[in-house]
Each structure stands twice: as structure tokens, then as C-alpha cells.
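Order of the sequence lines fixes the chain letters, A, B, ..., with proteins taken first and strands second; residue numbering starts at 1 for each chain. None of the values given here were measured: they were computed from a predicted structure. Values below: every heavy atom of this structure, side chains too, minus hydrogens, waters and symmetry copies.
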There are 2 protein chains.
Amino acid sequence: MTRQSTTAEAAPSEQRKPTRREQILAAAAELFAHRGFHGVGIDDIGSAVGISGPGLYRHFRSKDAMLGEMLVAISEKLLAGGRRRVELAGGPEEALTELVRWHVDFALDNQALITVHERDLANLAEDDRRRVRALQRQYVEVWVDVIREVVPATDEPTARAAAHAVFGLLNSTPHSKHLDRDAMAVLLHRMAMAALTGPGALSGLTPTD
Amino acid sequence: MTRQSTTAEAAPSEQRKPTRREQILAAAAELFAHRGFHGVGIDDIGSAVGISGPGLYRHFRSKDAMLGEMLVAISEKLLAGGRRRVELAGGPEEALTELVRWHVDFALDNQALITVHERDLANLAEDDRRRVRALQRQYVEVWVDVIREVVPATDEPTARAAAHAVFGLLNSTPHSKHLDRDAMAVLLHRMAMAALTGPGALSGLTPTD
DNA sequence: GTCCACTGTTAGCGGTCGTTAACGCGAGCT
DNA sequence: AGCTCGCGTTAACGACCGCTAACAGTGGAC
């Protein structure tokens with residue numbers, strides 16, 4: 001058996017010609033996003049990268065392993081980036097702005113992965129699913145904390161639901177290709193900020209004080 | 001062959017004990033929403049309604065026909081409801097409010113269908129897919145028109161993207177069950193309205209005027 | 001020059017899935 | 001009473017799919 005790391009090991013830093021594994025994962029993500037995990041065959045993925053069918057097993061243990069690896073990788077990247085933005089920010093307002101900017105950029109640059117992420121989670125193997133769920137929860141946590149700092153008197157369940165709602169808004173990017181990237185980024189950023197911080201959106205919801 | 005209508009024929013009005021076909025469609029929707037169309041077997045659907053496997057073929061021509069019928073039905077219902085709300089409204093602002101309310105209620109009451117709707121469209125047969133796409137487009141059109149009336153100086157592509165973004169926000173409902181239905185409805189309504197009409201959200205985006 | 005790890009091929013297996021065939025049975029009409 | 005028809009059953013078929021086995025070329029290490 002060839003060497004196969006369970007998760008990505010080389011930190012996927014900047015410019016580097018993509019590994020074969022990465023090429024395959026990218027192609028698989030595109031296919032999964034379009035037809036769903038079970039709607040895509042091994043042969044489809046293979047021919048998408050120029051090799052045919054079972055040749056993939058030189059790079060991955062199984063089809064489930066591909067899904068697992070790509071969802072774990074994306075979840076880790078999302079969480080790490082979000083945390084970094086919050087740490088670097090000078091205050092809650094800036095943290096929220098940076099968080100939105102981060103998520104917008106991420107969604108625009110990883111449309112296929114975003115789609116698969118919220119679509120085929122249920123098709124993951126038990127271990128990977130727990131892993132991804134944990135990472136997702138932590139990412140939401142980051143948002144919840146920032147939201148509650150910027151909009152005080154927001155109870156936690158509401159902040160959590162609001163975070164999910166904003167994710168839905170920002171992840172809508174695969175459904176509309178009518179605008180170019182920059183215009184889309186600006187639009188999504190403004191709408192998200194308005195939804196969260198606009199007067200009469202979150203504020204004044206809870207019957208507190 | 002038993003009688004099988006291509007689309008729903010009896011207007012699905014109010015109280016009426018659900019047909020067998022409707023029971024089956026509801027169960028199938030739940031399963032499809034969770035594991036994806038190709039991740040659900042005929043036997044799964046059957047046992048979900050108490051019969052086993054091929055008994056379903058007394059009610060539907062094929063598995064694809066189930067998906068087709070439920071997506072066409074939901075798309076028609078969504079469009080019809082949206083149009084009615086706009087017609088009954090006294091002006092653009094009220095129209096937008098009613099449109100949001102309608103979509104919120106719909107999403108909260110049909111979570112499984114909403115999920116399948118934006119997930120397994122690609123797995124539809126050619127004919128049904130075209131049909132659903134057309135209905136979706138018309139529904140977006142309704143929103144675009146109202147948005148451009150309420151927020152003038154919004155160009156059409158922007159309004160379209162904004163509509164999709166709001167759909168994403170409102171359809172986030174299956175991802176967060178932390179709030180009860182009413183609280184969720186209020187939250188989503190306010191966030192959507194803020195995202196669309198809030199100062200600095202849509203308005204002032206285009207370099208017009 | 002030899003070797004071997006890496007990466008790819010084709011053939012085939014075992015299981016699953018959608019669908020059909022053949023049959024059964026109770027309810028309601030004549 | 002008998003026939004029909006709606007609704008369900010089980011058995012089985014053919015296709016497909018994930019995966020393994022067996023084999024092969026190529027390129028770098030020594």
C-alpha cells in the first residue's frame with residue numbers, strides 16, 4: 001500500500017503546483033457539488049482527471065475517503081481563517097467585518113466545496129462526520145461570540161440561528177452567477193452586515209430590559 | 001396501469017386526509033433531504049410508509065417520477081403563493097413584506113422539500129428539470145420586480161443576486177433548530193428585510209444617479 | 001545497468017438498486 | 001355469489017457500482 005495520510009499533512013500554503021491528490025479532490029468536489037456524492041461514479045472522477053476508474057485507488061483508500069478528506073480540509077480551513085481574522089481584529093465591530101469578508105471570499109473561491117459541505121455531510125463515514133460536525137460547531141461558536149459582542153442583548157440561540165442564516169445568505173453564491181466576483185463580494189458583504197447589525201434586525205428581538 | 005396524473009390535479013386546498021401518494025411523497029422528501037436522491041433506495045421509501053419496496057410502483061411510474069412530481073408541485077406552489085401575495089398587497093413595500101412572510105412560512109413548513117428543491121434539481125429527468133427551472137425563474141422574477149420597486153436604482157442582475165441571497169438566508173431554516181417556529185419566523189423576517197432594505201445594503205451599490 | 005517505487009491499465013467479483021413479473025387478498029358493485 | 005379492481009406481497013432479472021487482482025511502463029537512486 002502506498003503512503004496515505006488520513007488528513008492533509010503538508011500545510012497547504014501558497015503557490016505550489018497542486019498535488020495529484022489535490023487535483024483529484026478538486027475534480028471530485030466539482031462533480032459531487034453538481035450531482036451529489038452517490039450520483040457520481042468512480043469512473044466519472046477518474047476521467048475528469050484524465051485517468052480511468054480504479055486508478056484513483058493509487059491515491060485514495062476509498063471513495064468515502066475522498067469525501068472525508070475534502071470536507072475535513074475545508075472545515076479546518078474555514079475555522080482557522082475565521083479565528084485568525086478575529087484575533088487580528090482591533091475590536092468586535094472590526095472582527096465582525098473581517099469575519100464576513102473572510103467568509104465571502106471563501107465562499108466565492110470555493111463554491112463547489114461549499115456546496116458539498118452543506119449537502120453531503122450525511123454521506124460521510126461516522127468518524128469523519130463527527131470530526132466535521134465538531135469543526136462546524138466551533139466555527140459557529142466564533143461567529144456567535146462576535147455577534148453577541150457587537151449586538152448585546154442577543155441570546156445565544158438567536159445568535160446561533162442568525163449565524164446560520166448569514167451562512168445561508170453568503171453561501172448562496174453558487175446559485176447566482178449574474179454578477180462578477182467583485183460586485184458579488186460587495187453585495188454579499190453589505191447584505192450580511194445589514195442583516196446582522198441593521199436596526200430592527202437582531203437588536204430588539206429579545207424581551208430583555 | 002393505474003391512473004396516474006403527471007402533475008397534481010386535485011387542488012391541494014385545506015383540510016383533507018392526505019392521499020397515499022401524498023404520504024409517500026412526504027416520506028420520500030424527508031429521506032431525500034437527509035441522504036440525497038441517490039442515497040435513498042426504493043425499499044427505504046417503502047418501509048417509511050409501511051409497505052415494502054416495489055409496492056410503490058402501484059402509485060408512481062418510477063423513482064424519478066416521485067422526485068419530479070414533488071419538485072414540480074413545490075415550485076408551482078411557491079410561485080402561485082408569491083404572486084398572490086404581491087397582487088393582494090397595496091404597494092411595493094407591503095408587497096415585499098408579504099413576499100418575505102410568505103417565503104418564511106413556506107420554508108418553515110416545508111423544510112424537507114426546500115432542501116430537496118435546491119439539492120437534487122440536477123437529478124431530475126430532462127423534462128421535469130426544464131419545468132422546475134422555468135418556475136424557479138418566474139418566482140425569482142416576482143422578487144426582482146418588487147425589489148426594484150422598493151429599492152430603485154438597483155440594476156436587474158444585482159436584484160437577482162440579492163433575491164438568491166435572501167432565499168439562501170430564509171432557506172437556512174433546516175440548519176438551525178435552536179429556536180421555536182415563531183421566534184425563527186420573526187428573526188428571519190427581520191434579517192431578510194434588513195438585508196434588502198437596510199441603509200447601505202442594496203441602496204447605493206450601483207454607480208447610477 | 002539494475003532495481004524498485006510510483007502510477008497507471010484492464011478484467012472481473014460481489015453486492016446493491018431500480019424495475020418487472022406473477023401472484024394474493026379484501027372491499028364493493030351487480 | 002361472483003367479478004373486478006385497488007393495493008400489497010415475494011422472487012428474480014439486468015445493470016451498475018465500488019473495489020481488488022494482476023499486470024505493465026517509466027523515471028530516478030545507487
Side-chain angles (χ1 to χ4, degrees), chain A residues 1-6 9-10 17-29 31-32 34-71 116 120 122-128, chain B residues 1-5 9-10 16-29 31-32 34-71 116 120 122-128:
Chain A
M1 188 192 290
T2 55
R3 175 188 51 76
Q4 301 207 352
S5 57
T6 310
E9 73 211 351
K17 73 175 173 189
T19 315
R20 205 73 230 272
R21 314 185 92 233
E22 293 171 336
Q23 291 179 38
I24 294 171
L25 284 184
L31 290 169
F32 290 165
H34 202 69
R35 302 209 295 269
F37 179 69
H38 289 295
V40 176
I42 282 292
D43 294 348
D44 299 325
I45 306 174
S47 65
V49 294
I51 73 182
S52 226
L56 294 170
Y57 287 81
R58 298 292 157 199
H59 304 276
F60 293 92
R61 196 186 335 108
S62 68
K63 190 188 169 193
D64 299 80
M66 296 185 209
L67 184 63
E69 190 159 322
M70 80 194 203
L71 287 196
V116 178
D120 282 315
N123 298 98
L124 273 179
E126 179 63 21
D127 293 348
D128 288 333
Chain B
M1 187 193 291
T2 55
R3 176 188 51 77
Q4 300 208 353
S5 58
E9 73 212 350
R16 212 183 72 244
K17 73 177 174 190
T19 314
R20 205 75 230 271
R21 313 185 91 235
E22 293 172 336
Q23 291 179 38
I24 294 171
L25 284 183
L31 291 169
F32 291 166
H34 203 70
R35 301 208 297 269
F37 179 69
H38 290 294
V40 177
I42 281 292
D43 294 350
D44 298 326
I45 305 174
S47 64
V49 294
I51 72 181
S52 225
L56 295 170
Y57 286 81
R58 297 291 157 198
H59 305 275
F60 293 93
R61 196 183 339 106
S62 68
K63 190 187 169 195
D64 299 81
M66 296 184 209
L67 184 63
E69 190 160 323
M70 79 193 202
L71 288 196
V116 178
D120 283 314
N123 297 74
L124 273 179
E126 179 63 20
D127 293 348
D128 288 332

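Using a 4.5 Å heavy-atom threshold, the side chains of K63(A) and L56(A) count as separate. Between D128(A) and D64(A) there is no side-chain heavy-atom pair separated by less than 4.5 Å.
With a 6.0 Å radius and a threshold of 12 heavy atoms from other residues, nucleotides or ligands, H34(A) has its NE2 atom at or below the threshold.
Distances were taken from every side-chain heavy atom of I42(A) (C-beta onward) to each of dT9(C), dT20(C), dG18(D); the shortest belongs to dG18(D). Minimum atom distance to the side chain of K63(A) is reached by dC19(D), of the listed dC19(D), dT9(D), dT20(C). Considering only side-chain atoms of P54(B), the nucleotide from dG18(C), dT10(D), dG18(D) that sits closest is dT10(D).
dT9(C) atom C1' lies 13 Å from atom CG of L56(A), rounded to whole Å. The interatomic distance linking L31(A) (CG) with dG18(D) (P) rounds to 12 Å, in whole Å. Following rounding to the nearest Å, D43(B) (CG) and dG18(C) (C1') show an atom-to-atom distance of 9 Å. The interatomic distance linking I45(B) (CD1) with dC17(C) (P) rounds to 12 Å, in whole Å. Between N123(B) atom CG and dC17(C) atom C1' the separation is 15 Å, expressed in whole Å. Whole-Å rounding puts the R61(A) CZ to dG18(D) P distance at 16 Å. Here the C1' atom of nucleotide dG8(D) and the CD1 atom of I24(B) are 11 Å apart, to the nearest Å. Regarding L67(B), its CG atom lies at a distance of 12 Å from the P atom of dG18(C), rounded to whole Å.
Distances shorter than 4.0 Å separate some side-chain N or O of H59(A) from OP1 or OP2 on dG8(C). At least one side-chain nitrogen or oxygen of R20(B) sits closer than 4.0 Å to the OP1 or OP2 atom of dG8(D).
Scanning atom types as modelled, no donor and acceptor separated by under 3.5 angstrom connect the side chain of R58(B) and the base of dG6(D).
Side chain of R21(B) to backbone of F60(B): no donor-acceptor contact under 3.5 angstrom is found. A distance-only check finds a donor-acceptor pair linking the side chain of D120(A) to the backbone of F37(A) [under 3.5 Å].
Using a 4.0 Å heavy-atom distance criterion, G41(A) is classed as a sugar-phosphate-only contact. Across all strands shown, V40(B) has heavy atoms under 4.0 Å from sugar-phosphate atoms exclusively, and none from any base.
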